[in-house]
There are 2 protein chains.
Amino acid sequence: MDPSRTKPATIADVAARAGVSVPTVSRVLTGAAKVSPAKREAVEAAIAALGFRPSAAARVLASRKAQVIAVIAGDTSQYGYAETIRGIEEAARAGDYTVMITVVESTDDDEIDRAIAATLSQPLAGVCVLKFDPPGVAALHRIPPSLPVVALSGVREPGLRQAVLDESRAAEELTDHLLDLGHATVHHVRVPPSRREDGRTTGWRRALKRRGAVVPPLSDASWDPRSGIEIGRRLADDPTVTAVFCGNDEIAMGVIRGIVASGRRVPDDISVAGFDDHPLASLWTPPLTTVDQDFAGLGRRGLQLLLNEIAGETGRRFSSERPQLVVRESTAPPPADAAVRRIV
Amino acid sequence: MDPSRTKPATIADVAARAGVSVPTVSRVLTGAAKVSPAKREAVEAAIAALGFRPSAAARVLASRKAQVIAVIAGDTSQYGYAETIRGIEEAARAGDYTVMITVVESTDDDEIDRAIAATLSQPLAGVCVLKFDPPGVAALHRIPPSLPVVALSGVREPGLRQAVLDESRAAEELTDHLLDLGHATVHHVRVPPSRREDGRTTGWRRALKRRGAVVPPLSDASWDPRSGIEIGRRLADDPTVTAVFCGNDEIAMGVIRGIVASGRRVPDDISVAGFDDHPLASLWTPPLTTVDQDFAGLGRRGLQLLLNEIAGETGRRFSSERPQLVVRESTAPPPADAAVRRIV
DNA sequence: CTGAAAGCGCTAACAA
DNA sequence: TTGTTAGCGCTTTCAG
């Protein structure tokens with residue numbers, strides 16, 4: 001009587017109630033083989049009446065086919081990660097897959113193995129690795145080669161099935177925008193890089209070199225927006241700094257805060273640009289010039305690639321998209337005296 | 001030779017290689033029964049040599065015990081949700097559980113069932129429902145009663161195993177703070193409520209009534225920070241408005257933007273407070289007065305409660321924590337003329 | 001189209 | 001302590 005004590009119906013219960021054999025029930029469940037309309041209806045009625053839900057565990061065991069996608073990420077609450085995961089989940093749900101999340105916080109192999117052990121012992125259809133930071137990159141190498149894998153990141157790499165957001169091209173375009181405004185060079189604040197050099201930094205450097213501008217030393221920020229404040233202060237103290245490109249919008253907000261605290265204005269004295277087009281970027285004072293990254297789309301594309309591989313398709317192993325430059329009010333031409341100084 | 005074609009080792013392979021029976025391998029795996037050191041070592045060596053990883057599906061099927069926790073949420077990329085999920089995942093990983101995420105976007109029973117069907121067919125140890133919005137609330141009722149469930153939310157409700165962040169107390173305190181500053185009353189901008197009335201709104205109303213202040217009409221915002229802009233404009237147009245309490249920090253940022261665009265100052269003309277202590281709240285101009293919510297802690301506490309229930313403990317069914325008021329610079333006494341108008 | 005028989009990889013009694 | 005014997009709930013041959 002107590003529903004909480006009723007144990008779930010099995011396929012045998014359904015078969016009995018519908019007056020058919022167990023394999024017939026299985027056939028209507030999987031839709032694999034033809035079943036006469038009469039029996040099919042009887043089975044469906046029994047399923048509904050019993051509230052039967054097939055056990056995924058038994059199913060996986062018998063069919064050797066899983067319906068779970070594991071997502072491995074270095075972080076889940078950062079804007080970009082959270083959005084990417086949202087896109088993955090959305091696409092997975094549409095394809096009747098379920099998403100499992102595992103966070104890896106370290107780059108140490110043993111720690112990674114420990115973190116992903118519970119997940120890898122699950123029956124997995126495939127794995128999505130968010131390769132935006134060192135832990136994500138390290139985790140990629142610990143996935144058994146027998147599992148279909150797709151990497152999502154900001155830089156193309158050979159030999160990998162991956163969906164990317166072409167950050168270096170976008171960063172190059174953003175740097176060009178600043179240079180076009182008349183700045184002699186552009187400083188860069190880097191967020192924790194995924195490799196020796198991430199796409200944003202690469203694009204920035206490439207634009208500077210192509211235009212013959214000096215490549216100033218990098219500043220390194222953490223993921224915490226407040227880490228930008230001190231960097232902003234330091235940059236503001238250097239009178240030759242007129243343009244700063246930050247690795248993400250949140251750091252840009254911190255940097256602006258630090259610059260303003262030092263008594264210099266944005267963009268009048270110093271232009272500051274971010275990256276990502278965070279939901280608050282347009283609300284910031286001043287509204288941020290940035291690059292719109294479609295993270296949710298990246299997640300969807302990545303999952304699609306993975307599903308293709310799972311289906312055994314030999315087609316595309318790669319999907320790239322170019323983020324869009326969004327010019328707002330935090331970037332402007334350098335102040336007149338800076339321009340003069342440059343010419344001299 | 002090709003590792004990608006090697007099929008995974010089974011427990012039988014391990015047993016054969018170690019020269020023991022299958023159940024003995026199982027015993028060292030589960031640690032349930034005593035095994036002689038010699039055999040244990042042989043088994044462990046075989047496991048390592050073969051890179052054996054037990055199949056969770058088979059394990060679940062045989063033992064009827066799952067190691068997966070499903071998290072059902074209405075959103076995953078919002079700051080509060082993302083942080084809560086991070087806390088859940090962290091605690092789950094520590095307890096060797098794995099976390100599965102499912103998003104429900106609708107409040108329609110059929111759609112919810114469709115969304116969670118794939119997840120519920122998995123062998124689940126328990127379910128965490130993030131009950132902060134209407135889809136989350138609706139989803140709670142669609143979980144089979146046979147499954148251990150814990151609800152995470154901002155308001156206590158009887159009959160539920162739940163971890164809460166006592167929002168109404170905190171909202172009351174925040175409203176009191178504004179009233180203490182000398183404001184005649186406080187306006188409220190609500191984010192999509194989880195019930196007829198959410199904790200933030202309840203606390204606000206309670207404080208106002210207790211202090212004998214007028215309860216002004218509510219404004220409703222969406223989750224998009226930009227929806228606050230228009231509301232800010234409208235509020236700024238009403239000269240009697242001197243204090244606004246927004247349902248979250250992001251909306252507060254939008255509201256401030258709208259107020260400033262209308263030519264009024266924050267906090268000089270109008271005080272604005274948020275809720276959540278978003279990572280950018282302290283960087284905003286002006287830095288936001290808000291309430292610090294420990295979402296990650298909420299997630300950890302909730303998961304702990306769920307683990308207790310799974311372990312069959314009859315102990316605490318409830319865990320509550322009081323968010324902390326954080327006073328920064330977006331709130332101040334009302335302008336002198338407003339005070340006069342109030343006395344008259 | 002349908003049913004009978006045989007597992008999937010593991011754990012849980014039960015003897016030994 | 002250890003091995004033997006039975007399944008867990010489902011899918012997959014294979015006959016019919």
Side-chain angles (χ1 to χ4, degrees), chain A residues 6-44 46-47 50-68 117-118 120-125 144 146, chain B residues 6-44 46-47 50-68 117-118 120-125 144 146:
Chain A
T6 304
K7 67 174 153 199
T10 72
I11 196 171
D13 301 331
V14 174
R17 183 173 177 123
V20 301
S21 71
V22 167
T24 297
V25 177
S26 173
R27 286 178 189 111
V28 350
L29 248 32
T30 59
K34 268 127 228 330
V35 174
S36 70
K39 303 223 168 193
R40 153 164 276 117
E41 247 171 66
V43 169
E44 272 159 0
I47 288 177
L50 265 30
F52 168 72
R53 214 192 298 274
S55 147
R59 238 168 157 166
V60 163
L61 194 57
S63 71
R64 274 157 289 254
K65 287 196 188 87
Q67 293 293 313
V68 177
L120 290 185
S121 73
Q122 298 299 132
L124 260 25
S146 55
Chain B
T6 305
K7 68 174 154 201
T10 73
I11 195 173
D13 301 331
V14 175
R17 184 176 178 119
V20 301
S21 72
V22 167
T24 296
V25 177
S26 173
R27 291 196 252 279
V28 349
L29 248 30
T30 61
K34 267 130 233 325
V35 173
S36 69
K39 304 222 167 193
R40 151 164 278 118
E41 245 169 68
V43 169
E44 273 159 359
I47 288 177
L50 265 31
F52 167 73
R53 212 192 297 275
S55 147
R59 238 168 158 167
V60 162
L61 193 57
S63 70
R64 270 157 291 254
K65 286 197 189 85
Q67 293 293 315
V68 177
L120 291 185
S121 73
Q122 297 299 132
L124 258 26
S146 55

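Sequence lines set the chain letters: A, B, ... in the order given, protein chains first and strands last, and positions in each chain run from 1. Just so it is clear, the structure is predicted and the values come from calculations on it, not from any experiment.
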I'd like to know whether A:Arg17 forms a side chain to side chain contact (heavy atoms under 4.5 Å, CB included) with A:Leu50, so could you lay out the CA-CA distance, the side-chain angles of the two residues, the decisive distance to 0.1 Å, and finally the verdict. CA-CA 9 Å; A:Arg17 183 173 177 123; A:Leu50 265 30; 3.5 Å; yes

How close do A:Ala118 and A:Ser121 get, counting heavy atoms only, and between which atoms? O-OG, 3.0 Å

Which residues satisfy the side-chain contact (heavy atoms from CB on, under 4.5 Å) test with A:Val22, sequence neighbours excluded? A:Ile11, A:Ala12, A:Ala15

For chain A and DNA chain D, what are the first and last nucleotides along the strand, 5' to 3', with at least one atom under 4.0 angstrom from a heavy atom of the protein chain? D:dG9 to D:dT13

Among residues 34-41 of chain A, which residues get a heavy atom nearer than 4.0 Å to DNA chain D? none

Output a table of nitrogen or oxygen pairs between the protein and nucleotides 8-10 of chain C separated by less than 3.5 Å.
unit_1 : atom_1 : unit_2  : atom_2 : d
C:dC8  : O2     : A:Leu61 : O      : 3.4
C:dC8  : O2     : A:Ala62 : N      : 3.1
C:dG9  : N2     : B:Ala58 : O      : 3.3
C:dC10 : OP1    : B:Ser55 : N      : 3.2
C:dC10 : OP2    : B:Ile11 : N      : 2.2

For A:Glu41, I'd like to know if atom CD has over 12 heavy atoms of other residues, nucleotides or ligands within 6.0 Å. no

Measure across B:Ala56 and A:Pro123 and return the closest heavy-atom pair with its distance rounded to 0.1 Å. CB-CD, 4.1 Å

Detail all sub-3.5 Å separations between protein N/O atoms and N/O atoms belonging to nucleotides 14-16 of chain C.
none

Contact between A:Val43 and A:Ile47 at the side-chain level, heavy atoms closer than 4.5 Å - yes or no? yes

Could you pull out the closest heavy-atom pair between A:Ala46 and A:Ala18, with the gap in Å? CB-CB, 4.0 Å

Enumerate, atom names and distances included, each donor-acceptor pair closer than 3.5 Å involving a side-chain atom of residues 27-35 of chain B, sequence neighbours excluded.
unit_1  : atom_1 : unit_2  : atom_2 : d
B:Thr30 : OG1    : B:Ser26 : O      : 3.1
B:Thr30 : OG1    : B:Ala32 : N      : 3.2

Quick one: is A:Ser21 getting a side-chain N or O under 4.0 Å of the C:dT2 phosphate, OP1 or OP2? no

If you assign B:Ala33 and A:Val25 each to the DNA chain D nucleotide with the nearest heavy atom, which residue ends up on the more 5' nucleotide? B:Ala33

Between B:Ser36 and B:Lys39, is any pair of side-chain heavy atoms under 4.5 Å apart? yes

If I take atom CZ from residue B:Arg53 and atom CD from residue A:Gln122, how far apart are they, to the nearest 0.5 angstrom? 11.5 Å

